[in-house]
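Structure first, then comments.
Below, chains carry the letters A, B, ... as their sequence lines are ordered, and counting in each starts from 1.
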Number of protein chains: 2
Amino acid sequence: MSNRNIGIKDVAVAAGVSVTTVSHVLNEVSYARISPETRDKVRTIAEQLGYGPNRLAQALRTQRTGMLGLVSEDIATTPHAGRIILGAEEAAKARGYNLMIINTSGSASLESRQADVEALLERRVDGILYATMYHRNVELPANLGSVPSVLVDSVATGGNITAVIPDEEGGARAAVGALLEAGHTRVGFLNNTDDVPATRQRLQAFRATLTEAGLDGDAAPVESEVSEVQGGYEAARRILTREDAPTGLFCYNDRMAMGAYRAAAELGLTIPADLSVVGFDDQELIAANLHPGLTTVALPHYEMGAWATEHLIDAVEGKTDLTLMALHPTILSCPLVRRDSITAPRP
Amino acid sequence: MSNRNIGIKDVAVAAGVSVTTVSHVLNEVSYARISPETRDKVRTIAEQLGYGPNRLAQALRTQRTGMLGLVSEDIATTPHAGRIILGAEEAAKARGYNLMIINTSGSASLESRQADVEALLERRVDGILYATMYHRNVELPANLGSVPSVLVDSVATGGNITAVIPDEEGGARAAVGALLEAGHTRVGFLNNTDDVPATRQRLQAFRATLTEAGLDGDAAPVESEVSEVQGGYEAARRILTREDAPTGLFCYNDRMAMGAYRAAAELGLTIPADLSVVGFDDQELIAANLHPGLTTVALPHYEMGAWATEHLIDAVEGKTDLTLMALHPTILSCPLVRRDSITAPRP
DNA sequence: GGACGTGGGAGACAGATGAGCAACAGGAAC
DNA sequence: GTTCCTGTTGCTCATCTGTCTCCCACGTCC
């Protein structure tokens, strides 16, 4: 266990050498010429004394803190936040960095969010990850530009900042594709009413995928409600009581799918025998626990956190030029997670 | 927007005073005697230049970083982690501190967890929060003792470290009490099979509450299974098909309650008309979204995070002596969250 | 010649880093 | 065989990072 009161100086005295030498040895400075014997002695004594470096002093001198700031809009309001943080934390740890986390409200004023970034800058973080908790356009604090930064799960209104986002279209195509593949020809969509990119992109992908499969995508039934269980229930009741009720249902998210499960049960429809359902988000608490298990599309939160951190560190270390990547957001794929809610339609 | 290259020195030069004076003014040092005019000038120039303090240098000099370390076992494996982090983060921010988060695996070796704490110590955090993601006994890294620290959601095997834990017994009593209050006399319990404090305490509280209400607590039906949806389903099927099937069901957690919902549905039992159910955990994704909404007991994760942070900071600032509080863990209450899964039993 | 009002100088915090210095070896010149 | 020169090895000195803080200095007024 290292002792917080031991400095490089104490090691130097105990080893009978200068602090410079100790520093050289401990940092394995390439140009330092020090005999193997001295090196050994220094290292041994450092260990004996329980020396541990003072990262503050190091950082002050080297202008590198090895800390990354993560400003997260609404930690914990959604379980997704945790996955982003985890991805970032593990990627950071793997490269010797640590994470300083600040929570901010997505609805907070620009000034307040700017103050949060400012706090990070005062601590001289090497770079900043700015994570929003659902994919949308955000207005960023201007001072974000003072250090390398990457946007996670959203794109900036202004544009030019490196960002990672999920492949909404690909995910939606995979979801609808799974239904088509099982043989469904009457496929419906329960969409969200919020005006976010996902709403539009999933709808478009829904129609396009059907059309490309030779069905009439434009005529396919779509019902929109708030993207919660209740909304899903209501939208599902409407869509399932139409004359041309679908046998395959793509839901905007798992919560709406959960509502659809209830609507189906009330209408005497068994899943998947009478109705196949596919969700989006892979909220495990729901998707894995519904009965039958919900086939859904996973959002790559962990991967986005890790990707962003990886590239941020590359930029900090001068291995990458973020401005080049800022031209287009990086898109990470959303894999289909197969469970038991899809089967072939009744003949 | 503040400029990272401007130091106190630059402000001093621009204002035509010494760095000492600038430092005095900006920190509002009480014993400093500086004319109002000079103060104004310094402040104005600091603002113009976009001066922002270098917290690293300050920390080096003052031996205070204003950073707290939060080592969290398994961020994001459970949504609870987020609430603890949020509680800690908001409490910290309110008092001018920031959080440095390190994720560690609960199953990781003691050495690896010690290394995580070590990383925090090297950065000279003022204190450490050690959060586990479910209430149990943990073996702590020894170096935790080097700075003030507080344990969140568990107690140490060794004992003497300040800790906050949820009031398992009170929560269980509230849950069972809600059933009794509604008039139920045949009450059952779906328990967990893990050997954790919660398992024993909730069971004991269950029996005691019944007995105190004049019922035969020792004879009340209890079925144990793994604390997941499937386990809840199986345990519920067993308990509901007994001769003395209960009309009120207390479930170890919301996931098991979710399983109980399905079992009830299959057995033709309507909730709450035929069967009243109460859960534990208040996992909103489940509890609020089941139909009918699940009455359950909330775990005070946010509150524990906030409490721990608050008291940790008090200790750091010398306002509290943590060793005094270490004698007994602090217990935070688990409030009952009423939804729609409880009603009076059929006459 | 104190008291008061204003302000500055010089470490110290813990470590990083380039320039420089002493000691010694080997080779060449005398 | 001694002296001079050049290289190498092994290590140290001085200075720097940005800020705080104790202590001192200077002038003026009574």
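Among the protein residues, A:V17 comes within range of the sugar-phosphate backbone only, with heavy atoms under 4.0 Å from sugar or phosphate atoms but none that close to a base. Within the 4.0 angstrom heavy-atom criterion, only backbone atoms of the sugar-phosphate kind lie near B:I34; the bases stay farther away. Nucleic acid contact class of B:S23 (heavy atoms, under 4.0 Å, all strands): base. Within the nucleic acid shown, B:V19 has no heavy atom closer than 4.0 Å to any nucleic acid atom.
Partners of A:K93 under the salt bridge (Lys or Arg N to Asp or Glu O under 4.0 Å) rule, at least two apart in sequence or in another chain, are B:D116. Not counting sequence neighbours, B:R39 has no partner by the salt bridge (Lys or Arg N to Asp or Glu O under 4.0 Å) test. Annotation: salt bridge (Lys or Arg N to Asp or Glu O under 4.0 Å) contacts of A:E303 (sequence neighbours excluded): none. Residues forming a side-chain hydrogen bond (donor to acceptor under 3.5 Å, both in side chains) with B:T20 (at least two apart in sequence, or on another chain): none. In this structure A:R55 satisfies the salt bridge (Lys or Arg N to Asp or Glu O under 4.0 Å) test together with B:E122, sequence neighbours excluded.
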List, with names and distances, any nitrogen or oxygen atoms from the protein found under 3.5 Å away from nitrogen or oxygen atoms belonging to nucleotides 22-24 of chain C.
none

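Across the protein-nucleic acid pair, A:I6 atom CD1 and C:dA14 atom C1' stand 13 Å apart, rounded to whole Å. Taking atom CZ of residue A:R61 and atom P of nucleotide D:dT17, one finds them 7 Å apart after rounding to whole Å. The distance between atom CG of A:N27 and atom P of C:dG18, rounded to the nearest whole Å, is 12 Å. In this structure, the NZ atom of B:K9 is 13 Å from the P atom of C:dG9, given to the nearest Å. In this structure, CD1 of B:I8 is placed 13 Å from C1' of C:dG8, rounded to the nearest angstrom. A:D10 has its CG atom 9 Å from the P atom of C:dG15, to the nearest Å. D:dG18 atom P lies 14 Å from atom CG of B:L49, rounded to whole Å. Rounded to an integer number of Å, the gap from B:Q58 CD to C:dC13 P is 18 Å.
The CD atom of A:E317 sits 10.0 Å away from atom CG of A:L312, with the distance rounded to the nearest 0.5 Å.
Looking at heavy atoms from C-beta onward, A:L56 lies out of side-chain contact with A:L60 at the 4.5 angstrom threshold.
Residue pairs meeting the side-chain hydrogen bond (donor to acceptor under 3.5 Å, both in side chains) criterion with at least one member in residues 21-31 of chain B, sequence neighbours excluded, are B:S18-B:T21, B:S23-B:N27.
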Under 3.5 Å, which donor-acceptor pairs link side chains of residues 41-49 of chain B to any protein atom two or more places apart or in another chain?
residue : atom : partner : partner atom : Å
B:T44   : OG1  : B:D40   : O            : 2.6

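Of the possible polar contacts, one joining the A:T162 side chain to the A:L322 backbone as a donor-acceptor pair under 3.5 Å is found.
One finds no side-chain N or O of A:N54 lying less than 4.0 angstrom from the OP1 or OP2 phosphate oxygen of C:dC13. Applying the 4.0 Å criterion to OP1 and OP2 of C:dA14, one finds that B:Q63 has a side-chain N or O inside that range. Phosphate proximity of D:dC11 to A:S35: present, with a side-chain N or O under 4.0 Å from OP1 or OP2. At C:dC13, none of the side-chain N or O atoms of B:T62 fall inside 4.0 Å of OP1 or OP2 (strictly under the cut-off). Side-chain N/O atoms of B:T21 include one lying less than 4.0 angstrom from OP1 or OP2 on C:dG8.
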Problem set entry | nucleotides 22-30 of chain D: protein proximity per nucleotide (B base, S sugar-phosphate only, - neither; heavy atom, under 4.0 Å) | S--B-----

